[in-house]
Each structure stands twice: as C-alpha cells, then as structure tokens.
Amino acid sequence: MSDREAEDWLIRYLVVMVVAATALLMLIYGLVFAPSMALTAGALVALAAVTAVIIVDLRSWRTA
C-alpha cells in the first residue's frame with residue numbers, strides 16, 4: 001500500500017467512524033431521552049450507510 005492509499009484509507013475510515021459514532025448517539029437520544037421518530041429514522045439510515053460502505057470495502061479488499 002502506497003502512502004497515498006494509506007492516507008486515503010485513514011481519512012475515509014475516520015469519517016466513517018465519526019458518522020457511526022454520531023448516528024449511535026442520535027439513536028440513543030432519539031429512543032431514550034427525547035423520543036423522536038425522525039431522529040431515530042435518521043440514525044438508522046446513517047448506520048445503514050456506514051454498514052454499506054464497510055461491506056463494499058471488505059468485499060473489494062477480499063477480491064484484491
């Protein structure tokens with residue numbers, strides 16, 4: 001892996017982890033502290049997007 005690829009991977013997964021952590025906090029807040037269907041739905045959509053990104057990357061990594 002070149003330095004450029006490593007930097008791209010690091011930045012990508014830093015963003016993925018920030019989005020995932022924010023979505024989990026939104027999910028907890030939307031379910032426990034201030035019940036809100038919109039907030040809960042947004043958190044679930046964000047978690048689904050993060051999961052999709054990780055699955056696509058794992059599949060491409062396995063085939064490489």
(message) Quick check on the hydrophobic clustering: are Ile54 and Val15 connected, directly or via other members, by side-chain heavy-atom contacts under 4.5 Å?
(response) yes
(message) Test of understanding: clusters of I, L, V, M, F, W, Y form through side-chain heavy atoms closer than 4.5 Å, transitively. Do Val19 and Leu25 belong to the same one?
(response) no
(message) Return the CG to OG1 distance between Leu47 and Thr22, rounded to the nearest 0.5 Å.
(response) 10.0 Å
(message) Between Trp9 and Val16, is there shared hydrophobic-cluster membership here, with clusters defined by ILVMFWY side-chain heavy atoms closer than 4.5 Å?
(response) yes
(request) For Ala46 and Ala23, work out which heavy atoms get closest and say how close. (result) CB-CB, 3.7 Å
(request) Flag yes if Leu39 and Leu24 sit in one hydrophobic cluster, no otherwise; membership is Ile, Leu, Val, Met, Phe, Trp, Tyr, and two members link when side-chain heavy atoms are under 4.5 Å apart. (result) yes
(request) Kindly compute the distance separating CE (Met26) from CG (Leu31), expressed to the nearest 0.5 Å. (result) 11.0 Å
(request) Verify the cluster assignment for Leu44 and Phe33: are they in a single hydrophobic cluster under the rule of side-chain heavy atoms below 4.5 Å apart? (result) yes
